[in-house]
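Data block below; observations after.
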Number of protein chains: 2
Amino acid sequence: MVKPAGRQKKVAAAPDPHTEQRILDAAHVVFIRRGTAGARMQDIADEAGVNKALLHYYFRNKNRLAEAVFQGVTSRIFSRLSETLGSDAEIEDKVRRIVAIYIDQLSKTPYVPAYVISELNQHPERTKQFFESVRSPGAKGPPPFLLKLGEQIQAGVRAGTMRAIPPGQFIANIASLCVFPFAAKPMLCTLLDLDDRGFKAFIEERKTGLPEFFLSGLRP
Amino acid sequence: MVKPAGRQKKVAAAPDPHTEQRILDAAHVVFIRRGTAGARMQDIADEAGVNKALLHYYFRNKNRLAEAVFQGVTSRIFSRLSETLGSDAEIEDKVRRIVAIYIDQLSKTPYVPAYVISELNQHPERTKQFFESVRSPGAKGPPPFLLKLGEQIQAGVRAGTMRAIPPGQFIANIASLCVFPFAAKPMLCTLLDLDDRGFKAFIEERKTGLPEFFLSGLRP
DNA sequence: GTCTATATTCAGATAGAC
DNA sequence: GTCTATCTGAATATAGAC
């Protein structure tokens, strides 16, 4: 444990970013597992290996802690995404990249989709917070990457290589196909009679099958 | 209010199915809005227009009430579904029907997907309950409609009208495309800048666009 | 900054009258 | 069967020592 030099050991130290981060990580784990309403401050304290009172010292109350966690999760998800969609790459290329990014990311954090979905449904007021993480603050109207996508689709239609599809539907389709299987993992595993290994294989299979399916769906 | 004839008015009556149903309906509303952990017995009582104690009289405790609601929701969802998938209809026909059924149903109960997703993630033990509502109790291995679907796909591949796709992926794709937009409604509305009317229009547009997209995705 | 101990609030559950 | 009143336990939050 490195300490700032020249400090008397009895003087109260400044907020320890290390501890704060440990608490945040612990809260992340517990909130995602149990949902915000089902999570217990005690469980978070245990997970972080600190005392319950310390959570309040750093985050004041449960709600603020929940917001901090939610903020962290959503910003991580969408940072690379809108970049990719808004780039100048060919549509085929975008699709392949998006699928790869989503599936790799979600394979590591499979609980995230269900967490975000239930949070946003139970706390509509956090939609605003979500909004800020997706777009630049204060922006109005459809986000830039939608316009870009719309142009590319129209070009494809004129060239005769694509069916016409509204960009919003395009986004909804690709997001659905990538995210839903993780959000509905318990359902899918029951329905298709998969254990955890089976699910992993199922997702692996999807990594190549999904771009094929999606791109084929776009052709005229 | 019709009462059984020949009863003295002071004799305790049998459980009133009317009241029980009112409570169940109220619980349905509250659990789906707030999630099981976030729901309050008091709110359910208010919604039903009865006293809190009565909930315990009919359902003993919160957990049993939650199970009853969950049971009701899931059984309603999947009853018509496995029928349709397991029937002898052509694949094209099945796809169109499934999309129509799902979207009509979910348009009336848009909160259901997020509810089921978060319940199943937070209470893995209910997966068994879910299981029973989808298949006949005690069944082993992949459910019959999967086999049926697999045969039809193989026939299509031999005839040269379809690409090869595992039936499990087929199911995952169609479920994703139908259900996810409702589960992620707040996200989608933010991302695509839609209000409630806009979302309704978006779904309407999907009703015809989705079968086209999906069927095109199946072609070789 | 971190802990122990305690206060407070709230929600699930029960007892008992009607 | 339905209500009022109450109990109990749990969980968030605070006070204060170290």
Side-chain angles (χ1 to χ4, degrees), chain A residues 1-27 29-31 33-70 122-123, chain B residues 1-27 29-31 33-70 122-123:
Chain A
M1 182 94 89
V2 180
K3 288 200 178 185
R7 287 274 185 198
Q8 294 170 18
K9 63 180 168 182
K10 290 220 174 177
V11 172
D16 182 344
H18 180 255
T19 304
E20 182 165 352
Q21 191 57 45
R22 279 169 50 84
I23 292 176
L24 208 50
D25 291 345
V29 171
V30 175
F31 278 130
R33 277 252 146 71
R34 304 256 188 260
T36 303
R40 299 295 158 232
M41 296 295 268
Q42 184 62 58
D43 295 342
I44 296 172
D46 293 348
E47 177 79 25
V50 299
N51 190 277
K52 221 176 31 161
L54 213 52
L55 309 189
H56 291 91
Y57 175 81
Y58 279 100
F59 292 92
R60 203 175 162 85
N61 59 38
K62 185 181 175 182
N63 196 45
R64 291 195 190 213
L65 187 48
E67 276 171 12
V69 168
F70 183 77
Q122 283 156 40
H123 302 277
Chain B
M1 182 93 90
V2 179
K3 288 200 177 182
R7 286 274 187 201
Q8 294 170 15
K9 62 180 173 186
K10 290 221 171 169
V11 172
D16 182 345
H18 180 255
T19 305
E20 183 165 351
Q21 191 58 46
R22 281 167 50 84
I23 292 175
L24 209 50
D25 291 345
V29 171
V30 176
F31 278 129
R33 277 251 148 71
R34 305 255 189 261
T36 302
R40 299 292 160 238
M41 296 295 268
Q42 184 61 57
D43 295 341
I44 297 173
D46 293 347
E47 177 79 24
V50 300
N51 190 277
K52 221 175 35 161
L54 214 50
L55 308 189
H56 290 91
Y57 175 81
Y58 280 101
F59 292 92
R60 204 175 158 85
N61 59 39
K62 184 181 176 182
N63 196 44
R64 290 197 189 212
L65 186 50
E67 276 171 13
V69 168
F70 183 76
Q122 282 157 41
H123 302 276

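Chain letters run A, B, ... following the sequence lines, proteins first, then strands; residues in each count from 1. Note that the structure is a prediction, hence the values are computed from the model and not measured.
Atom P of nucleotide C:dT2 and atom CG of A:Leu54 are separated by 5 Å, given to the nearest angstrom. Rounded to whole Å, atom C1' of C:dT14 lies 12 Å from atom CZ of B:Arg60. Here the C1' atom of nucleotide C:dG12 and the CZ atom of B:Arg64 are 15 Å apart, to the nearest Å. The interatomic distance linking B:Asp46 (CG) with D:dC3 (C1') rounds to 14 Å, in whole Å. Rounded to an integer number of Å, the gap from A:Asp16 CG to C:dC3 C1' is 15 Å. The CZ-C1' distance, from B:Phe31 to C:dA11, rounds to 13 Å in whole Å. In this structure, the CZ atom of A:Phe59 is 16 Å from the C1' atom of D:dT12, given to the nearest Å. Atom CG of A:Asp43 is separated from atom P of D:dA10 by 13 Å (rounded to the nearest Å).
The side chain of B:His56 sits closest to C:dA13 out of C:dT2, D:dA13, C:dA13. Of the candidates D:dA13, C:dC3, C:dG12, the closest approach to any side-chain atom of A:Met41 belongs to D:dA13. Picking from C:dA13, D:dA13, C:dT2 the nucleotide with the shortest atom distance to the side chain of A:Lys52 gives D:dA13. Closest approach to the B:Asn51 side chain among C:dA13, D:dT4, C:dC3 is made by D:dT4 (side chain taken as heavy atoms from C-beta onward). Residue A:Val50 has its side chain nearest to C:dC3 when only C:dG12, C:dC3, D:dT2 are considered. The nucleotide whose nearest atom lies closest to any side-chain atom of A:Asn61 is, among D:dA13, D:dC3, C:dC3, D:dA13.
Atoms CG and CZ, from A:Asp43 and A:Arg34 in turn, are 6.5 Å apart once rounded to the nearest 0.5 Å.
Applying the side chain to side chain donor-acceptor pair (under 3.5 Å) rule to B:Asp25 yields the partners B:Gln21; only residues at least two apart in sequence or on another chain are considered. Residues satisfying the side-chain contact (heavy atoms from CB on, under 4.5 Å) criterion with B:Asn61, sequence neighbours excluded, are B:Asn63, B:Arg64. Qualifying side-chain contact (heavy atoms from CB on, under 4.5 Å) partners for B:His56, counting only residues two or more places apart in sequence or in other chains: B:Met41. Legend: residues meeting side-chain contact (heavy atoms from CB on, under 4.5 Å) with B:Ala37, ordered by chain and number and at least two apart, are A:Ala37. With sequence neighbours excluded, the residues that form a side-chain contact (heavy atoms from CB on, under 4.5 Å) with B:Ala26 are B:Ile44, B:Glu47, B:Ala48. Applying the side chain to side chain donor-acceptor pair (under 3.5 Å) rule to B:Glu20 yields no partners; only residues at least two apart in sequence or on another chain are considered.
Within 4.0 Å of A:Ala45, counting heavy atoms only, lies no atom of the nucleic acid at all. Counting non-hydrogen atoms under 4.0 angstrom, B:Ala37 reaches nothing in the nucleic acid.
At least one donor-acceptor pair under 3.5 Å links the side chain of B:Lys62 to the backbone N or O of B:Thr36. The main-chain N or O of A:Pro17 is never found under 3.5 Å from a side-chain atom of A:Tyr58 such that the two would form a donor-acceptor pair.
Pairing each heavy atom of B:Leu55 with each of B:Ala45, the nearest pair is CD1-N, 4.0 Å.
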Extract from the structure each pairing of a protein N or O with an N or O of nucleotides 15-18 of chain D at less than 3.5 Å, listing the distance.
none

All N/O contacts under 3.5 Å from nucleotides 8-10 of chain C to the protein, with atom names and distances to one decimal?
none

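Listed pair A:Tyr58 / C:dT2 meets the phosphate criterion, a side-chain N or O lying under 4.0 Å from OP1 or OP2.
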